[in-house]
Each structure stands twice: as C-alpha cells, then as structure tokens.
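Proteins get letters first, then strands, A, B, ... in listed order; numbering begins at 1 in each.
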Amino acid sequence: MLEKTFDAAAVEPRIAEIWERAGAFKAGAGAEVGAETFTIVIPPPNVTGSLHMGHALNNTLQDILVRVERMRGKDVLWQPGTDHAGIATQMVVERQMMERQEPGRREIGREAFLETIWAWKAESGGTIVNQLKRLGASCDWSRERFTMDEGLSRAVRKVFVDLHKKGLIYRDKRLVNWDPKLLTAISDLEVVQVETKGHLWHFRYPIEGETFDPEYPATFITVATTRPETMLGDTAVAVHPDDERYTHLVGRHVILPLVGRRIPIVADAYSDPEKGSGAVKITPAHDFNDFEVGRRHGLPMINVMNAEGAIDIAENSAFLDTLPANDELVETMTLMHGQDRFMARKRVVAQMDARGFLAKIEPHAHTVPHGDRSGVPIEPYLTDQWYVDAATLASPAIASVREGRTTFVPKNWENTYYQWMENIQPWCVSRQLWWGHQIPAWYGPEHPDRYGAAPILNGQLPREIFVAESEEDVLKKAKEFYPNDIEVEIAKDEKEFQDWRKKYVHGGREKIVLQRDPDVLDTWFSSALWPFSTLGWPDETPELRRYYPTSVLVTGFDIIFFWVARMMMMGLEFMGTEPFKDVYIHALVRDEKGAKMSKSKGNVIDPLELVDEFGADALRFTLAAMAAQGRDIKLAPARVAGYRNFATKLWNAARFAEMNGCVSVGDFEPQTSKETINRWIVSSLNDTIAQLNFALAGYRFNDAANVVYRFVWNQYCDWYLEFAKPILQGTDSEARAETRATAAYILDEILKILHPFMPFITEELWRSTAAEAGIVRPNVLALTRWPTDGFVDQEAFEEINWLVDLVTEIRSVRVEMNVPVASQIPLAIAAAGALTRARVETHRAAIERLARISAIDLVDNAPPASAQIVVGETVACLPLEGVIDVSAERARLGKELKKLDDEVGRIDAKLGNAQFVAKAPEEVIEENRDKREEYLTRRVKVAEALERLTVRA
RNA sequence: GGGCGGUUAGCUCAGCGGUAGAGCGACGGUUUUACACGCCGUUGGUCGGGGGUUCGAUCCCCUCACCGCCCACCA
C-alpha cells in the first residue's frame, strides 16, 4: 500500500541508488542494437561552484532531452565534468588562505600554492557534482572529466603546439586589458563597461616657441581628457586634418607641462572636432586608440605605470631618455613616482592648476572598463602576451552556421553569434596566474651566432622561443637549434635559472638553461576543446569516433562568445566537424521581480532549498514549464509549490488505481476496448503523446510540460478516474476488468512520458506499483521504451465532450440555483433523440454520480418550473419546483439567448461580407458556417426552454 | 552609437493572423473513503499608446512611450 503522500526527501536518494546500481546512465545503456547516438556534453560548472538556479535550469533541460532519447532506445552519452576556472578558483583559494591567516601565495611559492589548490579541489570540488546528482541529472558519472586532468591537459598542449606551428598562435607585444589588482592580462570578454560619473579635464599645452599665457589662446592648445594621470606618457597631440582651427599648428610642437617633453601636433582623423576641444592628447602606451594613432605616426610609447597601476617613472629609461633635466621634472618625479593611478590623477590636476595649465573641469558621464572578476578599472597596458588568431579560426565557424550545419534555437541568437564572430579580435590567451594549464613554451637565449656585438640589451637577453608538448620534445628542439658543443637543460626553478643566467651573461657559455613561460592559459582555452577532449582526443578512442560530433549543446546566452563560439572554432580546426548539430540557448533565471539574482542583492534563490522543500521533481517541472523560448524566467517559489501539488496529485491517482485493483495487464491492447471512456482516455493519451513529441522536437519545453500536466490532471484525474468509479464499483465484471486494465495502462504510460520531467516520483511509482501488484518489471523506468502514439477514436471524443459539458452545466446551474451540494436531485431529459438516449444509457451512472443526480428520466416534455440546460441536441431539465426562482432562471436563459444571438450576428456579419467570403480560406468559412449552425440549433432549444417558462409564468 | 528582447487577468507567465489561456491569488461552496498539496463553482483582460497592411490583428508592418539585455575605442 502506497503512503498517503510522496515523500521526496526519503525517496530521492533511494531512487538515485537504484539508477546507479542499474548502470542506467552509462553511455549506451539500454540502447537498441545499431541505434544512432545522442550526445550532450555538459557545460562544465566551475569546480569552485555550487549549484545555482542557472545550473538547475540548464541541467534540467539537458536531462529531459537525454532521458527521452535514452527511452527511445538511442545510444546516449551525457558527458559530465567540471572546469578548473582559473581566476575564480585561484581567488577562492587565496581568499580562504587569507581568512585562515596563512602565508600568501607569493610567500609559499608556485608549487606549494598549486598543491594547496589541488588539496582544496579534492576536498570541495565534488560539491557541485553531488548537487547535480540531487537534481537527478542522468550523466554518465563514470566518465566524469576535469579540465586539468592529464588527458585534457595533453589535449591543451597539443592544440597549443599545433596552432603555434600553423602560425595561429603567436606572441605579440601590444596593449592588453590589464587587471592591476589581479596582476594579469584578461581578454576583451572579461572586461565589463561600467557607467561612471567622472570629469573631463581641459588642459592647456603650451606651444613651443610661444610664451605661454593663459590669456592668449594662440600660445597654447587645449586638450580634454578623462585620465589626467596618463599625460606623463603623452607623446603627441592630435587634431583632425580638416579642422581649420588647428591646421596652422600641425607640424609644430608643444612642450608637455610638468615633464618638459617636446611632442608634435599631428593630424589624424581619429581626432573628433566635435569632442572636447577638438584636440586630443595621445598616450600610446595607455590607451587603445592612442596606440593606433601612435603606430600611424611612429610615436614613441612611454609606459609610465607599473603592473599595479602606480606611476613608475624614477628609473624608467623610456620616460627619462628624451627629457631635459630640470627642477620641474625633479619635482614631478618626486610628487608622482610610486603614487597609484587615482592619487596621481589628483596630483597631476593640482600641479596643472597651480601652473595655469588647467582650463576647466566639466562633469562627464562615461563608461569605464572594469575587470569582471576584480571589479577594478582595467588598465590598457603594454606587455608581451600570447594571442590566438581568432579571425582565421572564426571564418569556417561562421560558415557552419550560415550554411545550417549548426543551428541555434531560438534562431535569433545566430545574429548575435555572427555579429561577434565577424568582428572578432585576436584572443589574448595568456594569464599571469598559477592555476591553469601552463603554457608549453620555453625561452632560451638567442643563437650565439647572432649575438653580434651587443648580445645583451638593458640587461635583457634576446630570447628564442621553443614551443613543444613535453620537456623531452623541447630539449630535442633546443639541442638541434643551439651549437652541438653547448649543453641544454631546463630550469627546475627560478633560482636555478637566475644562477645560470648570471654566469651566462658574464660569458659562461658552456651551458644553456631554458626557462618555461610561467603564464597559464585562459580557462576558456581548455573549455573550447571540451566536446572532443572529454572523449579522449588526441587519441583515436572508440568514444571519440562514436559520440563526436555531439547532438545538441544546451547553454545560456551569456556564454555564446566565451564558449560556444570557441568550441565551434576549435572543433572545426581539430576535428574537421562542427562540435554540435543544434545549440539550444535558454534564458536566465531571475528572481520573482525580474532582477538578476546576485549575492550582493541578496535575492538568490537556492535551488537546493527548493529541492529540500518541494522535491527535485517539482523544481525540475517548474523550470521546464517556464522555459519558454526567448524569455527570461522569473521564478516564483509559489509556482514550485504548485508543481509539487501536481506530483502529489499523480501519487494519489496511483493510490486510487492500486486501491481499485487496477493492475497492468501484460498483453493489454487498448485499441480493442469497448467502453467509451476507455477508448476516449486512450485516444486522449495518444493525442498527448503526439503533441509531446512535437514540442520536444522543437525544444519547446514549456509546451511539453504543459501538455503532460493537462493530460494527467485535467483528463485522467479530473474526468477519467471519476467516470471509471461507477464501473470499478459496479457489477459488470467484463467492463470492470477492461477499465482496470485501462486505468493501469494509462498510468504506466503517464509514468513514462512524465519521467523525463519528474524522474524520481515516476521511477518510484514504477517500481512500487509493480511490487504491490506482484509484477516483475524487466527494467528501471529510465530504460523503459518511450511510448508511441496510436489510435484516436473521434467519436469517443465527441461523446465524452458531451458528457463533460452536461455534467459541468448541471453543476453550474446547481450552484447558481443554490441547490445544496449534499442534496441529490432528479434529472429529466426532454424529447431525447436516439443519440442522446444511447449516451444517457451508457453514462447514466457517471452522470448521477458526478452531477449528484438521484435519477434520470427520459420525458417527452420539459417538466414545469425546471432549469433547462442545452447541451448539443440534448435538453436536460432539473425539475426544481419550489426550489428555483423562475424569474432568475428566465433571466439566465435570456442572457444565454442574447449571447447566442450576438454570436450568430457576428458570424452573419462575417459571412455577409463579400470580401470575407471571397478572400478567407475555405476552411475558415466552413468553420464559421458550422459554428453558426451549432449556435442556431442551440438557440432554438434555449428559446423553447424560455418559452416554456414564460407560458407557465 | 549599433543590435536584440519585453510591455497580455491582482501577481508570475503561455499564446502570436480567425475577438484570449495556465499557475498562484481573490470570492462562494465543499471534509462525497485517491488526493484540503484536494474537489465544485464564480470573478477577473479596450492583449502599453497611436497609425498602417488585411475580409479579419493580441499576433504582421511603421511609430511613440516605458523597461531590460548585449556589443562598441570616443577624449
């Protein structure tokens, strides 16, 4: 006997274990021989992470697809794993070390720090996976991967080396987005623009050869800037070539205040006459636009900051070399050196003001780029970094989508994809972090033959770069490169390298020691390989052959650029095929009011709390039911409670079936049923299955969920089981047997079609109903075949619709006439035709029960003072003499008559419109004619009913 | 500056060429042995404003308003 309600908390772990024991989620489990494959790779969550609502949605949708296809007998693989999440993880562990007041990462050194992270990962890295399991995610957990596994790391190294060989990865010195807090370069995508209320400072730069006087504009040129502190690195002033205000100045020079640098006034179209003063200061080392201007005009690039974003000019030869030494410069250096950029800004402004160079300050709203992790303004910073030639890789990836080999659902995301891919910039992949895939590049000194007279510049060795997959390979390469008589080694650590370097610089040339690039790769570099690296690439594994390319990628729009685009590029480059056929892009989960959930806002809804309260099934169903395409999900917890109620409803339907001996019959053939209600519910099921399949095929999860919901609650529970009661409790044993078998059959099919949405409760009912009935199920539900749709009996639909309408109308009138619920009243059917007579006979017991009718009489004429209900060709009368208020009943009928007249009038107007008849499609016209007939028939009966009341009154 | 999306019942949302639906709520009734996490009934909407296309528009087009997101180098 089933418990009274479904106890999710108790059942879920038990069911999870049953699946585990059955190996139900293993790749290919339950697949039919020769079945096609269905593959999804999970968007790997960060190891640092814990399950948030976005994960819950993402994985629910994947799980629905995967479970359906598995039940369809396909060879299914859902490949799970986690991402090492470079910056995020490093930050988390560093924070933890700080909280515990342990020595920082720089103090303990790289190796010890990495050990700490690995230890941390071993301890808490499994959290998110366990949470996914609680949600019911049917991944093949035996195949779980981590982006820093040896296998995946090997894939990363190979990709790096191959791309380098092809010239698609290269080292370049250019401006990067530098995070002065995290001390690393970041990619364009990791920069967020923040609206900031700042200022626009207008500076006067004195023109060389004029005697500066703030009163005489001819003696200076005014530039406007939002970043005064960078003026220390200015190397030009640019004006627009067509700007007549300034043409006479082009070619002349200004003397940069505070530092005394002589810099040219150049003409460049970058300068916008509309902005500021129309003249713009150029700081090539600290601004992306200025960098380009500097390139065009061959301007020097003077970096005036260090990695922390503090002014660094004291021993900076680039800064000092061109400057005449004087007192002002010394003062500037004293004031500025070592100041962070924000303090330096204040000091520059103050100094400029003191010397009469500050023309004005305007308030100015603009966007300032910030690091998405650190939250501090990023600094355009001149460094050497590794770049991927994204434009080259993007071109086939664009073609794949254009030519339909990969399709986005919903389709409008393709525009977003194109827009970004077609304007893609070189991808900066090196990060100055420790946690991640260390770049497989080693540096050695330049070849001795090329040393020439000055082998060492500014204490820096000119470098030779060796890129290789292993130390073995790199040694081999280096030995081939350097003269035979020189020994080559790889530095074990920084100290060893520095010791050697000192000797080498001083002429000790018998040995060369290579030093590995200390940087690691952008986390997304390894994620880009996920669809094939997880399957064993670069080895030609059977899994790789079988499961690549994958069927569909399910992910959020926020990582189309970060991840989807890059997987497309890498998949095409290394596998020669698109990594997935479809890309289903789902929405963001927001809070009830539509705000993005965030810790700082404190509006985060924890999916696990909802699971605890309502069960995983309820949460999953909610997310699926709300996953309409192209719209964010505003999650109201009340909604989850509603779907928990749905689970309870199903549970109780199963209890009812059990209590009434509804047991699955092995060879049951639903299409041979005789009872109308049975033929009807089977038809309705088949109709539901067809709609469900259609919705799923189009990734319309909300439609799919709602179709099942309505069938279970509004068809099976609300009506079918109620209709079945009199038969199940009646004496017709044949009808009873058929109805029992049908009720059990429908329940079984419900469990199947609901299983992808609510796996736990359905699996539990699948086994418990069988156990109660003493049936042996050959398989867990997760591996049971998905039903096919089949016969639909249209007449049964019509008959049951009539029955439903009749019962509903009677109930409605009863309430309206204030008939007490408890009292049973007689029903008279007036002047019934053959059809009505037959139907009444068939469903007499059901009508009596559901409408609380004491007896049904077939009569020639409607009894006096009765409420009359018109359903199709049937006129049903509730003889309620003394109970009903005749005038109220007359009003009711009158209202209905008017409504019918209105409807008919509306249709007549349509049909009377020549344009409509000429232009509307035939079926629409036909539909209107049919409706008109229907309304008229009904109108006649209602009018007659009204007539009868009027006559008597 | 460019692009995308939204505006439908009190709330959260479906629908997207033939005059509107769900869940939650509200109101009234109901403890009838599957289920009060239930059952029965009722209420509730000029589908953001304006224009156009069409025989017909919540649905297509234009426009305005407000809200949200993405991208972009503007001093």
Can you tell which of [options] lies closest to the side chain of [X]?
X: A:R655; options: B:rC35, B:rU19, B:rG38; answer: B:rC35
X: A:N702; options: B:rA14, B:rC40, B:rG38; answer: B:rA14
X: A:M659; options: B:rC55, B:rU33, B:rC40; answer: B:rU33
X: A:N412; options: B:rC4, B:rU19, B:rC40; answer: B:rC4
X: A:W713; options: B:rC55, B:rC71, B:rG38; answer: B:rG38
X: A:T367; options: B:rC74, B:rC55, B:rG41; answer: B:rC74
X: A:S812; options: B:rA34, B:rU42, B:rC73; answer: B:rU42
X: A:V924; options: B:rC73, B:rG18, B:rC35; answer: B:rG18
X: A:R700; options: B:rC16, B:rA22, B:rA34; answer: B:rC16
X: A:Q419; options: B:rG41, B:rG3, B:rC55; answer: B:rG3

Nucleotide opposite [N] in a Watson-Crick or G-U pair, distances under 3.5 Å:
N: B:rU7; answer: B:rA65
N: B:rG1; answer: B:rC71
N: B:rU12; answer: B:rA22
N: B:rG41; answer: B:rC27
N: B:rC47; answer: none

Using a cut-off of 4.0 Å on non-hydrogen atoms, how would the nucleic acid contact of [X] be classed: base, sugar-phosphate, or nothing?
X: A:F561; result: sugar-phosphate
X: A:G615; result: nothing
X: A:A920; result: base
X: A:V815; result: sugar-phosphate
X: A:S277; result: nothing
X: A:P820; result: nothing
X: A:N660; result: nothing
X: A:F646; result: nothing
X: A:E722; result: base

B:rA14 phosphate, OP1 or OP2, under 4.0 Å from A:N706 side-chain N/O |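 No, no such contact exists.
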
Give a yes/no on whether any side-chain N or O of A:K725 is located under 4.0 angstrom from OP1 or OP2 of B:rA34.
->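 Indeed, a polar side-chain atom of A:K725 lies that close.
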
With nearest nucleotides of RNA chain B determined for A:R644 and A:W413 from heavy-atom distances, which residue corresponds to the more 5′ nucleotide?
->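 Taking each residue's closest nucleotide, the earlier one in sequence belongs to A:W413.
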
Please tell me which of A:E927 and A:A657 maps to the more 5' nucleotide of RNA chain B, matching each residue to the nucleotide holding its nearest heavy atom.
->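 Per heavy-atom nearest nucleotide, the more 5' residue is A:E927.
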
Spacing between [X] atom [atom1] and [N] atom [atom2], to the nearest angstrom:
X: A:D7; N: B:rC37; atom1: CG; atom2: C1'; result: 14 Å
X: A:E414; N: B:rC70; atom1: CD; atom2: C1'; result: 17 Å
X: A:N652; N: B:rA36; atom1: CG; atom2: P; result: 7 Å

Distance between C1' atoms of B:rC11 and B:rG17 (Å, rounded) =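 The answer is 29 Å between these two C1' atoms.
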
Answer whether the closest heavy-atom distance between the side chains of A:D930 and A:E926 falls below 4.5 Å.
->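 Contact flag for A:D930/A:E926 side chains = yes.
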
Do A:R644 and A:F614 meet the cation-pi criteria used here (NZ or CZ under 6.0 Å from the six-membered ring centre, within 45° of the axis)?
->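 Verdict for A:F614: no cation-pi partner in A:R644.
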
Taking atom types as modelled and ignoring hydrogens, do the side chains of [X] and [Y] form a donor-acceptor contact shorter than 3.5 angstrom?
X: A:D268; Y: A:H297; value: yes
X: A:S187; Y: A:E190; value: yes
X: A:D234; Y: A:Y205; value: yes
X: A:K360; Y: A:T222; value: no

Quick one: OH on A:Y643 to CG on A:L619, what's the gap to the nearest 0.5 Å?
->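 Going from OH on A:Y643 over to CG on A:L619, the span is 12.5 Å.
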
Mark yes or no for a side-chain to base donor-acceptor pair under 3.5 Å between A:R906 and B:rU19, with no hydrogen or angle criteria applied.
->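 Side chain to base: pair found, below 3.5 Å.
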
